[in-house]
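Convention: sequence-line order gives letters A, B, ...; per-chain numbering from 1.
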2 protein chains.
Amino acid sequence: MDQVLSSVRNSCRLLKIFLDSPKEIGVTELSKMLEMSKGAVHKLLSTLESEGFIRQNEKTKQYTLGYTLLELGTKVLKNHDIVDFSMPYLNRLVSRTNELVVLCVKDARDAIYVAKVDSPHPIRFTVESFRRFPLYSTTAARVLLAYQPAEFQEDILEEATLKMYTPHSYTSIESIKDDLLVIKARGYEISSNRRNNGVTGIAAPIFDTSGQVTASISVIGPSDRVLPQQEDILHETLATVQEMSAHLGYRS
Amino acid sequence: MDQVLSSVRNSCRLLKIFLDSPKEIGVTELSKMLEMSKGAVHKLLSTLESEGFIRQNEKTKQYTLGYTLLELGTKVLKNHDIVDFSMPYLNRLVSRTNELVVLCVKDARDAIYVAKVDSPHPIRFTVESFRRFPLYSTTAARVLLAYQPAEFQEDILEEATLKMYTPHSYTSIESIKDDLLVIKARGYEISSNRRNNGVTGIAAPIFDTSGQVTASISVIGPSDRVLPQQEDILHETLATVQEMSAHLGYRS
DNA sequence: CTAAGTTGTTCACGAATAGAGAACGATGTT
DNA sequence: AACATCGTTCTCTATTCGTGAACAACTTAG
């Protein structure tokens, strides 16, 4: 783990700073955030700029993310064939439930919505795609976590403890652990008012040939619309993931 | 210009290799393309992987682009406010012309379509967004090039010469240079069958407060549909860019 | 309108490490 | 069973990365 190219790691960390910051940042501010000298940061920036990963505003002299990252990000989506594969199913599930449907995958220690289809309702709950969030924080993510090895689960939940973060209406980390067992036992998850108040999510896992969980889908909407038709939505969701899993070659 | 962090530059080059390759690549192949030792490439890869910029397929052991690049790419789009600003105008122009409309910007030595609205026609011409292409190769890009300093134009066209690349129906690099003068003189460009046979593009520049060309828009479609209504489309396009420029604070 | 505080940028040097190249173990192919 | 090829690990030194201070170009304060 100490086998790491420090300047490469620094440049990665530098780029990620922009994810949670206003679009333009100056050298001085970056050097503080990275705890590096201004000179070194400047060298990083001009290297990244010459490769198109960073752009400098000619007027303000501050820096922004460059277009090459847009090219690469687009390529990531293209590579990810589960997205293309899933879109028809997501669309159908939206037309049957009239609520937001998302496709969620695990990446390292995080979850990401890699596809979504919005609810046709004028009043609707929306989420941000392509942005990481913790594996214990949303319905779809917890489904993914439930099928991970126990040690990995422990690790993730310990991180949650360290961050002193317990999702809404969970009284303790232990109760999440119980929840994961329930999810795996019955093969789906329904949760209300956890991360967002007044919002209910119904999620289930998608299996591939090797029996691994590759993704999960979730129907999410205002509790007062979702809860009354909870049974129907659950039925449609389970039918969808079973069909998807079957098409991926999974035999239960 | 020699003030460059070599390992950072190498990691950038490594990532860009994936743009023009199948989704998964092995260490050996990458080391050949980068002309580096396998050991060094492996170190690059594991550093990038620990930062989420690269992922390794557990079965094939080969490498792919990671999700962090998707996050960063999404952020680039969000930062770029001209895209949000332009969408209503692009949509309106499509509804008036019934052809593909694109928004094109210059980045370093390239052009990129950063937004597009497809034609409603069942038979339609489409383009790929977020992918770099030369500034001399499409109608919208040449409009951007026309407003650049003469020395920059020379530089770009010289590159075209070196690549032995002359866009279709240009007999020489000199004729492109003439074309650029015409574009700047009359403020728009109409070209047929240049990059794609049977395709016609009509493009015009958008100016900001400081009088700089920040982007260009182009209406593109099959020549047999576009040429007959050429006058109308040109009129609509010019009206749109004038309105957009005015809203950006440009005074002619 | 000067002086003090910013900013981004440059430079020189010593400590740290990046990259080459060979050897490794694991696959899969002949 | 021998061979080829893959990704990975290792060692070592020439290279270079990162620091800290000085720089010029602005903006702000008095």
Side-chain angles (χ1 to χ4, degrees), chain A residues 1-18 21-66 79 107-108 209-210 212, chain B residues 1-18 21-66 79 107-108 209-210 212:
Chain A
M1 201 56 202
D2 228 86
Q3 194 71 301
V4 146
L5 304 177
S6 62
S7 63
V8 173
R9 191 192 47 209
N10 287 334
S11 65
C12 290
R13 287 174 51 215
L14 186 152
L15 291 172
K16 286 197 232 171
I17 286 177
F18 285 89
S21 307
K23 56 182 235 177
E24 289 190 355
I25 317 183
V27 177
T28 312
E29 198 179 340
L30 285 169
S31 73
K32 281 173 194 159
M33 301 182 86
L34 289 168
E35 291 175 325
M36 289 170 67
S37 68
K38 278 203 295 178
V41 172
H42 184 262
K43 238 189 264 187
L44 276 176
L45 284 166
S46 45
T47 306
L48 289 169
E49 187 184 14
S50 73
E51 297 293 332
F53 283 61
I54 281 284
R55 257 181 331 138
Q56 185 175 33
N57 184 323
E58 293 181 2
K59 292 161 198 160
T60 66
K61 293 283 177 185
Q62 299 207 84
Y63 292 89
T64 329
L65 297 175
N79 284 352
D107 183 49
T209 321
S210 60
Q212 292 280 318
Chain B
M1 201 56 204
D2 227 86
Q3 193 71 299
V4 147
L5 304 179
S6 62
S7 63
V8 173
R9 191 190 50 211
N10 287 335
S11 64
C12 290
R13 286 174 52 216
L14 186 152
L15 291 172
K16 285 196 236 174
I17 286 178
F18 286 89
S21 307
K23 55 181 235 178
E24 288 191 356
I25 317 182
V27 177
T28 311
E29 197 180 342
L30 285 169
S31 72
K32 280 174 194 156
M33 301 184 84
L34 289 167
E35 291 176 325
M36 290 171 65
S37 68
K38 278 204 293 179
V41 172
H42 184 261
K43 234 188 265 187
L44 277 176
L45 284 166
S46 45
T47 306
L48 289 169
E49 187 184 14
S50 73
E51 297 293 332
F53 283 60
I54 281 284
R55 257 179 334 137
Q56 185 175 33
N57 184 323
E58 292 181 3
K59 292 161 200 160
T60 65
K61 293 284 178 185
Q62 299 208 85
Y63 294 89
T64 330
L65 297 175
N79 286 351
D107 183 50
T209 320
S210 60
Q212 292 281 319

Pairwise salt bridge (charged side-chain N to carboxylate O under 4.0 Å, His left out) hits with a residue in residues 5-16 of chain A, at least two apart: A:Lys16-B:Glu51

According to the salt bridge (charged side-chain N to carboxylate O under 4.0 Å, His left out) rule, which pairs have a member within residues 21-33 of chain B, sequence neighbours left out? A:Asp81-B:Lys23

In whole angstrom, give the distance that lies between atom [atom1] of [X] and atom [atom2] of [N].
X: A:Leu45; N: C:dT10; atom1: CG; atom2: P; answer: 12 Å
X: B:Arg13; N: C:dG19; atom1: CZ; atom2: P; answer: 11 Å
X: A:Leu48; N: C:dG8; atom1: CG; atom2: P; answer: 16 Å
X: A:Ile54; N: C:dG8; atom1: CD1; atom2: P; answer: 13 Å
X: B:Leu14; N: C:dA18; atom1: CG; atom2: C1'; answer: 15 Å
X: B:Gln62; N: C:dT27; atom1: CD; atom2: P; answer: 16 Å
X: A:Asn57; N: C:dT7; atom1: CG; atom2: C1'; answer: 14 Å
X: A:Leu44; N: C:dG8; atom1: CG; atom2: P; answer: 15 Å

Nearest non-hydrogen partners of [X] and [Y], listed with the distance:
X: A:Thr64; Y: A:Phe18; answer: CA-CE2, 3.8 Å
X: A:Thr47; Y: B:Leu5; answer: OG1-N, 3.1 Å
X: A:Ser31; Y: A:Thr28; answer: OG-O, 2.7 Å
X: B:Ser210; Y: A:Lys59; answer: OG-NZ, 4.3 Å
X: A:Ser7; Y: B:Val8; answer: O-CG2, 3.5 Å

Return the polar atom pairs (N/O with N/O) between nucleotides 21-29 of chain D and the protein under 3.5 Å, or none.
none

When rounded to the nearest 0.5 angstrom, what is the spacing between [atom1] in [X] and [atom2] in [Y]?
X: A:His42; Y: A:Leu30; atom1: NE2; atom2: CG; result: 11.5 Å
X: A:Glu35; Y: A:Asn10; atom1: CD; atom2: CG; result: 11.0 Å
X: B:Ser11; Y: B:Leu34; atom1: OG; atom2: CG; result: 10.0 Å
X: A:Asn79; Y: B:Ser21; atom1: CG; atom2: OG; result: 10.0 Å

Quick check on [N]: is either OP1 or OP2 less than 4.0 Å from any side-chain nitrogen or oxygen of [X]?
X: B:Tyr63; N: D:dT8; answer: yes
X: B:His42; N: D:dT8; answer: yes
X: A:Gln56; N: C:dT9; answer: yes

Using a cutoff of under 3.5 Å, can you pull out all pairs of nitrogen or oxygen atoms linking the protein to nucleotides 15-17 of chain D, with atom names and distances?
| unit_1 | atom_1 | unit_2 | atom_2 | d |
| --- | --- | --- | --- | --- |
| D:dC17 | OP1 | B:Ser6 | N | 3.1 |
| D:dC17 | OP1 | B:Ser6 | OG | 2.7 |
| D:dC17 | OP2 | B:Val4 | O | 3.3 |

Divergence of helical axes at both termini of the helix from C:dG8-D:dC23 to C:dT30-D:dA1 - five pairs an end, 10° steps: 50°

A:Leu14 vs A:Leu45, test: side chain to side chain contact (heavy atoms under 4.5 Å, CB included). Steps then yes/no. CA-CA 9 Å; A:Leu14 186 152; A:Leu45 284 166; 3.9 Å; yes

B:Lys38: partners by side chain to side chain donor-acceptor pair (under 3.5 Å), with sequence neighbours left out: none

Contacts of B:Gln56 that satisfy side chain to side chain donor-acceptor pair (under 3.5 Å) - sequence neighbours left out: B:Tyr63

Tell me which residues in residues 22-33 of chain B put a heavy atom below 4.0 Å from DNA chain C, sorted by number, or none. none

